[in-house]
Amino acid sequence: MNRQERAKQFMPFDALKGLKEALKAKEEKLTRVAKRELSEEQQEILSEVITQLEKGMLVKATFYYKGHYVEITDRLQEKNIPLRYLGIGKSKLFFSDLYGVQILDKE
């Protein structure tokens, strides 16, 4: 048996195809959390910060997405008050999903 054929014996082998993906999907489902409601005070603070936002500011937003709280840090691209969303980076975040917004840097 030549060296290459012999080396093939010891190559990694996935005996249970798809097991890693199934475990990852199961873990994602188990780590989901319920959406938290903001108190009136928190809503006022969030509203105040949103009114201060201007295009080009560096912001950090915490929002609820598919059962998880996610943080994103990027430049504000758009603030649409009538449609109630913020465009941060390439993401469109609706006010109802926002949990917190911080202004990190004014351009």
Side-chain angles (χ1 to χ4, degrees):
M1 181 181 295
N2 69 22
R3 199 174 226 180
Q4 280 185 329
E5 289 175 20
R6 190 166 177 211
K8 286 180 186 178
Q9 291 178 348
F10 303 104
M11 290 182 67
F13 175 70
D14 189 7
L16 301 171
K17 286 203 183 280
L19 178 64
K20 285 183 183 179
E21 292 82 13
L23 288 174
K24 192 171 190 172
K26 184 75 169 177
E27 180 182 5
E28 189 274 329
K29 280 184 180 180
L30 292 174
T31 58
R32 289 183 184 169
V33 295
K35 188 174 180 180
R36 296 175 273 193
E37 295 297 321
L38 294 174
S39 68
E40 285 186 31
E41 186 178 314
Q42 290 172 315
Q43 288 176 358
E44 286 178 26
I45 292 169
L46 184 60
S47 178
E48 209 172 285
V49 172
I50 289 172
T51 57
Q52 294 174 4
L53 292 175
E54 295 175 14
K55 189 175 180 178
M57 287 182 164
L58 183 63
V59 296
K60 178 177 166 183
T62 305
F63 61 99
Y64 188 77
Y65 180 73
K66 293 187 177 180
H68 300 282
Y69 280 93
V70 182
E71 281 189 353
I72 184 172
T73 304
D74 209 336
R75 298 266 174 209
L76 181 70
Q77 303 297 326
E78 180 180 9
K79 177 173 80 169
N80 193 322
I81 301 296
L83 296 179
R84 302 183 52 79
Y85 75 85
L86 298 175
I88 299 176
K90 294 183 180 183
S91 303
K92 185 187 281 189
L93 308 177
F94 289 94
F95 292 174
S96 60
D97 295 329
L98 285 175
Y99 190 73
V101 177
Q102 280 184 296
I103 300 171
L104 300 177
D105 181 29
K106 296 180 181 181
E107 189 177 39

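In this text, all values refer to a predicted model and were calculated from it rather than measured experimentally.
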(message) Can you tell me how far apart CZ (Arg84) and CG (Asp97) are? Round to the nearest 0.5 Å.
(response) 11.0 Å
(message) So that I can tick it off, tell me whether Arg32 and Glu28 are bridged by a salt bridge, with the cut-off set at under 4.0 angstrom between side-chain N and carboxylate O.
(response) yes
(message) Counting only heavy atoms not in Tyr65 (residues, nucleotides, ligands), do more than 12 fall under 6.0 Å from its OH?
(response) no
(message) So which atom in Lys55 and which in Gln77 form the shortest heavy-atom distance, rounded to 0.1 Å?
(response) CE-O, 3.3 Å
(message) I need the Lys66 NZ to Lys29 NZ distance, nearest 0.5 Å.
(response) 12.5 Å
(request) Mind checking the OG1-CD spacing from Thr51 to Glu48? Nearest 0.5 Å is all I need. (result) 6.5 Å
(request) Answer yes if Leu83 and Ile81 sit in the same cluster of Ile, Leu, Val, Met, Phe, Trp and Tyr residues linked by side chain heavy atoms under 4.5 Å apart, and no otherwise. (result) no
(request) Might you point out which heavy atoms bring Ile88 and Ala61 nearest each other, and give the distance in Å? (result) CD1-CB, 3.7 Å
(request) State the OG-CG distance between Ser96 and Leu38, to the nearest 0.5 angstrom. (result) 10.5 Å
(request) Without swapping roles, check the side chain of Gln42 against the backbone of Ser39 for a donor-acceptor pair under 3.5 Å. (result) yes
(request) Tell me whether the centres of the aromatic rings in Phe63 and Tyr99 are closer together than 6.0 Å. (result) no
(message) Just checking Lys26: does its NZ atom have more than 12 heavy atoms from other residues, nucleotides or ligands closer to it than 6.0 angstrom?
(response) no
(message) So, taking the atom named OG1 in Thr73 and the one named CD in Gln102, what distance separates them when rounded to the nearest 0.5 Å?
(response) 8.5 Å
(message) I'd like to know if the side chain of Thr31 and the backbone of Glu27 have a donor-acceptor N/O pair within less than 3.5 Å.
(response) yes
(request) Going by the side-chain contact (heavy atoms from CB on, under 4.5 Å) test, name the single residue among Asp74, Leu58, Val59 that passes it with Leu104. (result) Leu58
(request) Mind listing the closest non-hydrogen atom pair of Ile50 and Lys79 along with its distance? (result) O-NZ, 3.2 Å
(message) Under 4.5 Å between side-chain heavy atoms, counting indirect links through other Ile/Leu/Val/Met/Phe/Trp/Tyr residues: same cluster for Ile45 and Phe94 or not?
(response) no
(message) Checking Tyr85 against Leu98 for the side-chain contact (heavy atoms from CB on, under 4.5 Å) test, could you report, in this order, the C-alpha distance in whole Å, the side-chain angles of both residues, the deciding distance, and whether it holds?
(response) CA-CA 9 Å; Tyr85 75 85; Leu98 285 175; over 6 Å; no
(request) Say whether Leu93 and Tyr69 are linked into one hydrophobic cluster, either directly or through other cluster members, by side-chain heavy-atom distances under 4.5 angstrom. (result) yes
(request) Could you state whether Val33 and Ile72 fall into the same hydrophobic cluster, counting links through intermediate Ile, Leu, Val, Met, Phe, Trp or Tyr residues with side-chain heavy atoms under 4.5 angstrom apart? (result) yes
(message) Would Asp105 and Lys60 count as a side-chain contact (heavy atoms from CB on, under 4.5 Å) here? Give the steps.
(response) CA-CA 10 Å; Asp105 181 29; Lys60 178 177 166 183; over 6 Å; no
